[in-house]
Amino acid sequence: MFPPDFAWGAATAAYQIEGGWQTDGKGPSIWDTFCHKEGRGCGAQTGDVTCNSYELWDKDLQCIRQLGLTHYRLSLSWPRLLPDGTTRHVNQKGVEYYNKVIDDLRSCDVSPMVTLYHFDLPQALQDGGGWKAPAIAAAFDDYARFCFRTFGDRVKLWLTVNEPYVCAKLGHEDGVHAPGLKEAGTAAYLAGHNMLRAHARAWHSYNSLYRSTQGGAVSLAINSDWLEPWRPEHAADVSASARSLAFTLGWFGWPLFVTGDYPHAMRAAVDTQSVKLGHRGGPRLPVFSEDEPSPLGTADFFALNYYTSRKVKDGSGGEWGMSMRCDRDTEEILDPDWSICGAAWLAVVPGGLRKLLHYIKDTFGDPVVYITENGFCQAGPLVKEDAQRGRFYEETIQEVEKAIGEDGVNVRGYFAWSLLDNFEWADGFDLRFGLFHVDFSDAERKRTIYRSGLEYARIISKYKAAHSK
Ligand code: BGC
């Protein structure tokens, strides 16, 4: 069922694997600052060195080749390329590094998919207000144009922002990701809004300046769980589950694919809660200005990061106040039948991916879809013979196959998260998502394939062989 040019990939992100946090002129990012502050969740762990891919890229390339990937998704570190975030000063060493990565991939017949922003904002831009400041959209557009101009002759798949939901909510409402803000009920909406504005500007730049010569495609990676009613026979749970999807997938999917604005259910919920709280000072969920390019139509494909599923109950479980959770007024819970892998949040539900893909087809106008992240992690004692994760990949890919073959979803690629064990944000090195184990106690950061890595390689080669017959 997989088309012959299906993208078989794995993904990583700069801060999680590169290290070299101040090597060769790189500027600090908000994650450097955040990790160097005391009192964060994962103790003294940082991404200062992590897999050291900045120096050990050749080893990563060997891993990519061993898996037989056709595509590799990486992110560019904005402050490695532009240390103060602006094009006033370009760090040539950073350009050389990514040129080598891109050229090496291509010489091995692996196509790069490049994310411009995977959580690591230059600290200098944060000092000017970061994602909360409207001016960030122009700064991002400059950076995006710089990247299209510099790498776009060889990169044909671009993602502007990775998971604006996570970046906005965990970074600006929950405070567990950089920049560590806890401004519940306001800052996340504002940050998400500016990410959409930034994305739309960058897409328009690509469209008008580079598309005709470079011929690539640009999107934004949206993460969402599959959400369904806890009690399907209860109307309140049915509408709660729709509302919950509106606050995750819909928050970014609707502006890009449906109306150019946030889902009605989301705006209505935020506004209703604002009235109840007696909030003054304009809508907390911002309004898109007519003087700017609309986000509608600014995604050339749907980029989906899917990890898990939830059942949804009406009501926020007794919580009351100014927060996104209270606005949404739902509770997302685990089905006791689902198994959990290393992280408490990660229930293993491959079937949820098929349902979500079907929903995307129906809701967003049958777009081309790339699954830009999906994975399974371990915690605790290291298990290199991870048969369970191998089965997870096999079952998940079968679900994708059914989505294509039986539901007619136009899925063009699948990227496993992640190529390597790496710095898992607030969880540091305690969660391992890699297809390759990385020994963080070894100066050489030795990479060793897991059994699940071998399994993924076997699956890829099986499908490739089916087409070469
Ligand atoms: C992010 C990755 C992260 C993964 C697993 C996604 O939210 O894009 O950076 O490591 O999920 O938590």
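Just so it is clear, the model here is predicted, and its values are computed rather than measured. Read the numbers this way: they start at 1 and go in the same order the structure lists the ligands and their atoms.
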### Query
Just by distance, with hydrogens left out, do His36 and Asp48 show a side-chain donor and acceptor under 3.5 Å apart?
yes
### Query
Under 3.5 Å, is there a donor-acceptor pair linking the side chains of Trp57 and Glu55?
no
### Query
Got a sec: does the CZ of Arg65 have more than 12 other heavy atoms crowding it under 6.0 Å?
no
### Task
Distance to 0.1 Å, residue and atom name: give those for the protein heavy atom nearest to atom 4 (C) of ligand 1.
Tyr307 OH, 3.3 Å
### Query
Counting each atom of ligand 1 from 1 as listed, which ones have a heavy atom of Glu163 under 4.0 Å away?
1 (C), 6 (C), 7 (O), 8 (O)
### Query
Is there a donor in the side chain of Asp225 and an acceptor in the side chain of Tyr306, or the other way round, less than 3.5 Å apart?
no
### Close approach of Asn162 to ligand 1, heavy atoms, under 4.0 angstrom
yes
### Query
Do any N/O atoms on Gln16 end up under 3.5 angstrom from N/O atoms on ligand 1?
yes
### Message
Can a side-chain donor-acceptor contact be found between Tyr262 and His193 if the only test is distance below 3.5 angstrom?
### Response
yes
### Query
Hey, does Trp345 sit under 4.0 Å from ligand 1 if you only count heavy atoms?
yes
### Atom indices of ligand 1, in the order listed, that fall short of 4.0 Å to a heavy atom of His118
1 (C), 2 (C), 8 (O), 9 (O)
### Task
Look at atom 1 (C) of ligand 1 and say which protein heavy atom is nearest, naming residue and atom and giving the distance to 0.1 Å.
Glu373 OE1, 3.3 Å
### Query
How far is atom 10 (O) of ligand 1 from its nearest protein heavy atom, and which residue and atom is that?
Glu424 OE1, 2.6 Å
### Task
Could you note down all residue pairs passing salt bridge (charged side-chain N to carboxylate O under 4.0 Å, His left out) where residues 422-444 supplies at least one of them, sequence neighbours left out?
none
### Sequence neighbours excluded, every pair satisfying side-chain hydrogen bond (donor to acceptor under 3.5 Å, both in side chains) that has a member inside residues 5-15
Thr12-Tyr72
### Query
Which atoms of ligand 1 sit under 4.0 Å from any heavy atom of Trp425?
2 (C), 3 (C), 9 (O), 10 (O)
